[in-house]
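Heads up: the structure comes next, in structure tokens.
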Amino acid sequence: MCKVLRPGRCRLQPVATDLDVVIPTLNAGSTLARTLDALRDSDLGLRITVCDGGSTDDTVAIAQQAGATVVTVSTAGRGPQLAAGATDGSAPWILFLHADTVLGTGWNAVVRSFTSRKTNAGRAGYFRLRFDTSDPRARRVERLATLRCRLLGLPYGDQGLLISRALYEYLDGFKPLPLMEDVEFVRRIGARNLVALDAEAVTSAVRYERDGWLRRPLRNLGCLSLYFLGMSPRTLQRLYGR
């Protein structure tokens with residue numbers, strides 16, 4: 001195992017691996033470096049696995065330069081990528097993180113505190129959603145996300161997910177779904193076993209700025225509602241895309 005060091009330096013320092021960080025990617029070159037950089041100075045023993053779905057940009061090169069392990073996944077969709085990344089590691093804890101999400105100040109201490117408590121082996125943690133923009137409309141979406149998590153127990157993948165390997169394997173992990181893989185999995189974890197962590201997951205606002213701060217949340221709500229009504233993730237992907 002190797003500790004993640006600054007890009008370009010030797011990465012052959014053997015350390016105990018406390019945490020496997022799994023990051024699914026597809027043409028994430030514009031955001032991945034920042035995501036990896038936020039993990040760099042952790043005092044945890046990290047093994048970072050970037051599960052790439054066939055990027056044609058510099059995603060893979062960025063991951064390799066940062067010392068991450070790269071796993072190529074031929075099946076499209078985050079579900080297969082997340083599952084492959086978890087299988088590739090062996091640490092007692094796994095952190096699933098999107099490639100456009102940067103963990104905020106204090107995340108390392110929060111993760112260490114959560115993973116050090118034996119009672120949390122049967123629970124999973126998620127971070128507080130924050131968008132990387134000062135747009136006041138973003139604050140409203142963040143508050144709605146907090147409310148969704150509190151009332152429904154449904155954090156989305158862009159909030160990260162911290163879970164013990166034992167619980168992940170007991171629940172049979174992520175299913176190979178092209179869409180809704182995060183919702184399907186956290187429903188199996190159960191709302192009472194989900195814990196809000198006291199640190200931020202700062203996520204790119206690009207999709208909301210492109211699609212609209214009202215239209216994008218309504219699209220997500222429509223997708224979620226159809227999924228709960230029984231529509232398959234594959235059909236939803238054809239209707240909505242990612």
Report yes or no: does [X] contribute a side-chain atom to a donor-acceptor pair with the main-chain N or O of [Y] at less than 3.5 Å?
X	Y	answer
Asp18	Pro92	no
Arg192	Gly153	no
Glu184	Lys175	no
Asp58	Ala61	no
Ser116	Arg112	yes

Assigning hydrophobic clusters by single linkage (Ile, Leu, Val, Met, Phe, Trp, Tyr; side-chain heavy-atom cutoff under 4.5 Å), is [X] placed with [Y]?
X	Y	answer
Val21	Ile62	yes
Val202	Val111	no
Tyr170	Ile94	yes
Val183	Leu171	yes
Trp213	Leu144	no

Any heavy-atom pair between the side chains of [Y] and [X] that's under 4.5 Å?
X	Y	value
Val50	Thr69	no
Arg130	Glu142	yes
Leu162	Thr115	yes
Ile163	Leu95	no
Ser232	Tyr227	no
Asp37	Val102	no
Cys149	Leu194	no
Leu103	Leu39	yes

Checklist line | Electrostatic pair Asp182:Arg78 at N-O distance under 4.0 angstrom | finding: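 Result for this pair is no, no salt bridge flagged.
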
Note to self: Classify the ring geometry of Phe185 against Tyr168: parallel below 30°, tilted from 30° to 60°, perpendicular beyond 60°.
What the structure shows: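 Perpendicular.
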
Just by distance, no angles: are the side chains of [X] and [Y] close enough, under 3.5 Å, to form a donor-acceptor pair?
X	Y	answer
Thr101	Thr203	yes
Thr133	Asp135	no
Ser42	Asn108	yes
Arg123	Asn120	yes

Item checked: side-chain hydrogen bond (donor to acceptor under 3.5 Å, both in side chains) partner of Arg47, chosen from Thr17, Asp20, Asp88 ->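 Exactly one pass, corresponding to Asp88.
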
Notebook entry, point to check: Is the cationic atom of Arg148 (NZ for Lys, CZ for Arg) positioned less than 6.0 Å from the six-membered ring centroid of Tyr156 and within 45 degrees of its normal?
Noted result: yes

